[in-house]
Every structure is written in structure tokens, then in C-alpha cells.
Number of protein chains: 2
Amino acid sequence: MSKTLKHEIKADGLIDKGMMLLWSKGYNATSVNDIVKEAGVPKGSFYFYFKSKEDFAIKSIEKYFQQQFGPAFELLDNKTISPKQRLLDLYELRSNILKEQFDCKMGCLGCNLANEMAEHSEAIRNAVHSKTEMIKSKIASVIEEAQNYGEISNTLPAIDLAAFMEDAGRGAMVSMKEMNSAYPIDNFMTIIRSVLLK
Amino acid sequence: MSKTLKHEIKADGLIDKGMMLLWSKGYNATSVNDIVKEAGVPKGSFYFYFKSKEDFAIKSIEKYFQQQFGPAFELLDNKTISPKQRLLDLYELRSNILKEQFDCKMGCLGCNLANEMAEHSEAIRNAVHSKTEMIKSKIASVIEEAQNYGEISNTLPAIDLAAFMEDAGRGAMVSMKEMNSAYPIDNFMTIIRSVLLK
DNA sequence: TAAAAATATGACCACTCGTCTAGTATACAA
DNA sequence: TTGTATACTAGACGAGTGGTCATATTTTTA
């Protein structure tokens, strides 16, 4: 096994554990000590694998999006299903994860960190932003497909509609955490079905 | 001047200064030291005026909503203007404040703190939540008015539509901070005008 | 096998955190 | 003027912060 691979496996273990802390507690409320304790790794090792806490957060953001949105986006590429249905499947999948897997508690790591850190860490802001842009453009292209296919009569520019839906989803996640309830997510699904993707 | 009044004036000064810090930096990134320094008050005094940092945050939330939404809601009560126009005026006012007054940097204190603290402080979660519910129901009642008046043909339950619009607005604020741009807010305005309040 | 490079370790640094106590200043009643 | 109650504050407290480093151990290379 190559050195760099072994190195990456170790670093990945740290990220796996630390990501959950960052996700549920936020950046400032998660200490490096919390992370190494959770991963069962000595403190000194942390700074062998990561340049800083900020560097760790950025690597966690990258892993998070890859892990959470990789499978979700495979849905969007399945050409045997109509474009509109693919969009609905994507949102359905994401909202079920939010509701069931995490009990309406965590929201989205990217959104959480963007909200907490955008003003204070340009690096974190950029890390989230570039992923978000990628997601928006993927969704926009399927919306456009559905519009051309005649499945969505809404004539708004696809990229604006995609941006709006993603924003609405983000807000629904904030409210979900605030209300401790799945209502905002369910309401989001109802309204994109009945109004936005009509 | 009565003692309790003097007391409240002093406490209010602390809140005025500290609220801006809480708003722009978040809860965990704002220290009690920051707050007292900004207000020019000795550190020891902080705990004379407030039970704890959490208590301070809750009082700040209350003042924030009263200050920010008081004038905005007067718009909603002006019966000389049609209900739909009142809604658009409200959102126009709020988005202009976000864009111009704070340079797309701060977002909403309530939303910021809900996102950061909902899981970790039940008291803060409740403080924001109760204000949010009040706002939603005010907006819902004007939507209902507009629906009855025939100005809004959208037949969704007013309360669900209000909740969705507020959530979409929250998400737009998160994205505004993340992108450092007014686009999410402008896009929000365009879509509520052309789709949701149609 | 020996030398060299990579990795592991936890004590430690300087600093900041939220909180609290012991005390000083002030106002007012006697 | 004095005594007392209230209003206020300085500074210390213990805990915790992100980060460093000398040293120890393991792995690779020669």
C-alpha cells in the first residue's frame, strides 16, 4: 500500500468522526480536542494530518458533499426516467434523509458552515460555495431538460428556478431545526410539486 | 429617574452594541469581552445586567425583532393599500435593508442564531421560534385577505404559503452571505412576484 | 544491519472563555 | 453625620482554546 494512500486512510478516519461533530455542533462549538477524542487519536496527530482546524473543516466539507450528493446525483443521470420525475426523486431522497436519518436535527453541513463562517473564513465560504454552484447547475440542466420535454410549463430561466429551489430548501432546513419538526421539509416538497415544477 | 428605568437604559445600551456583534459574528464567535468592550462597560457589570451570555442573547433577539419588524409590520396594517401590494411592499422593504444597509453581509439575527444554536440552546431556539411564528401568522392573514380579494389566485393554504415564503427568504439570506451577492434576494423577489403571489 | 525518513505522542504554550466573588462607590434614611 | 442598603466593578478562577515541539517509535531505504 502506498504511503500517500495510508496517509489518506488515516486522515479519512479523522474526517469521518470529526465531520459529524462539525455538522451537529458547528465550527466554533467543535474543538480540535473533541475531534481527536472522538476519533481516538492523539492530539499531536491531528496537526500531522491537517494544517489547521480550518483546513480540516474544508476537507470535511469536500468529503461531505461527495458522500451525500454522489448517490443523489446518480438519480439525475438516469435517462430511463423522465427529467421531472428525476428532480422529484432527488428532492424526495434528500428530504427523507433529513427527516429520518437525522431526526430533523442536523440540517446540511454546507449550509450550516456557510451560515456560521461565511463572513469569517473566506476559505470555508469558497469551499461551500463552489460545491453549491456545481449542484445548482446540475439541477438547472435537468430543469431545462424537463422544460424542453414539456413536463414543466414554468418558463422561468432554469438556473434561477434551480437557485430558488435550493435556497428554499436551505431555509426549510433552518426552520426544521428551529421547529424541531418535519413540517418545513414536507411543505417544501408540496410546494415544489404543486407550484414550482408545475 | 426610577432605578429600574436607569437599569433598563444601561442594559439597553449593552444590547444595542452587543446585538450587532451577535448578528455579524454569531453566538460562539462573540465573547462577553467583545460585548463589554464595544459598549465601553466594565466586564464585571455584564453579569449585573444579565444572568448569562445566553440570557443576553435572548434579550437581544427580542429587541432585534421589535426593532426590525415593528416598522415593517405597520405596512401590513395599512388598509388603504391592497393586500397583495402590502405583501410586496413588506418584502421589498426587507430586501432593500438586507442589500443596502448591511452590504449583503449580516443576514437576519434570528435566522443566524436559530441555525447556529437551535440544537444547543432550547431557550434561544424558543426565543426565535416564537417570533417567527408570530411573523408567519401575520403574513398568512394578509395572504388570505389577498386571496379573498381575488388578488392572489394561488389556492394553497395561506399559512403554508407564508411559511414557504419565509423559509425561502431565509435560505436566500444564507446564500446571500455565502455568495457575497444580492442575487439570491433579487431572485427571491422575482419569483414570489411572478409565481408564488400570482 | 544501519542509517534515514516518516509517523506517533502528550506535555506544554500563550491565550481566551464565561462566570463569580469580594469588594468599592453611591444613595438615602435616621 | 452616620449607618445601612443598594448599585456597581475589578480582577481572579478554573477550564478550555488552537497550535507547537522535543522526543519516541515505526517503517523504509541502502
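Below, chains carry the letters A, B, ... as their sequence lines are ordered, and counting in each starts from 1. Everything numeric in this text was worked out from a predicted model, so none of it was measured.
- In this entry the distance linking CD1 of B/Ile35 with P of C/dC17 reads 10 Å, nearest Å.
- Spacing between atom CZ of B/Phe50 and atom C1' of D/dC8 amounts to 14 Å, rounded to whole angstrom units.
- Computed from coordinates, the A/Phe46 CZ to D/dT17 P distance equals 13 Å when rounded to whole Å.
- The pair A/Arg86-A/Asp77 does not count as a salt bridge, with every side-chain nitrogen at least 4.0 angstrom from each carboxylate oxygen.
- One finds no side-chain N or O of B/Lys10 lying less than 4.0 angstrom from the OP1 or OP2 phosphate oxygen of D/dC8.
- When all heavy atoms of A/Tyr27 and A/Glu116 are compared, the pair lying nearest together is N-OE1, 2.9 Å.
- Remark: A/Ser31 is not in phosphate contact with D/dG16, judged by side-chain N or O atoms under 4.0 Å from OP1 or OP2.
- Between B/Tyr49 and B/Phe56, the distance from one ring center to the other does not fall under 6.0 angstrom.
- Looking at which nucleotide of DNA chain D each of A/Asp34 and B/Phe48 is closest to, the 5′-most match is held by B/Phe48.
- Among the protein residues, A/Lys43 comes within range of the nucleic acid bases, having at least one heavy atom under 4.0 Å from a base atom.
- Partner of A/Asp34 under the salt bridge (charged side-chain N to carboxylate O under 4.0 Å, His left out) criterion, chosen from A/Lys53, A/Lys17, A/Lys25: A/Lys25.
- The nearest whole Å value for the distance from the CG atom in B/Asp55 to the P atom in C/dC20 is 12 Å.
- Residue A/Lys37 contributes atom NZ, which lies 16 Å from atom C1' of D/dG18 at whole-angstrom precision.
- Taking side-chain N and O atoms only, B/Asn33 has a distance below 4.0 Å to OP1 or OP2 of C/dC17.
- When rounded to the nearest whole Å, the span between CZ of A/Phe56 and P of D/dG19 equals 12 Å.
- Taking 4.0 angstrom as the limit, B/Tyr47 places none of its side-chain polar atoms (N or O) nearer than this to OP1 or OP2 of C/dC20.
- Per the geometry, NZ belonging to A/Lys53 stands 8 Å off P belonging to D/dG19, to the nearest Å.
- As rounded to whole Å, 10 Å separates atom P of C/dA8 from atom CG of A/Leu14.
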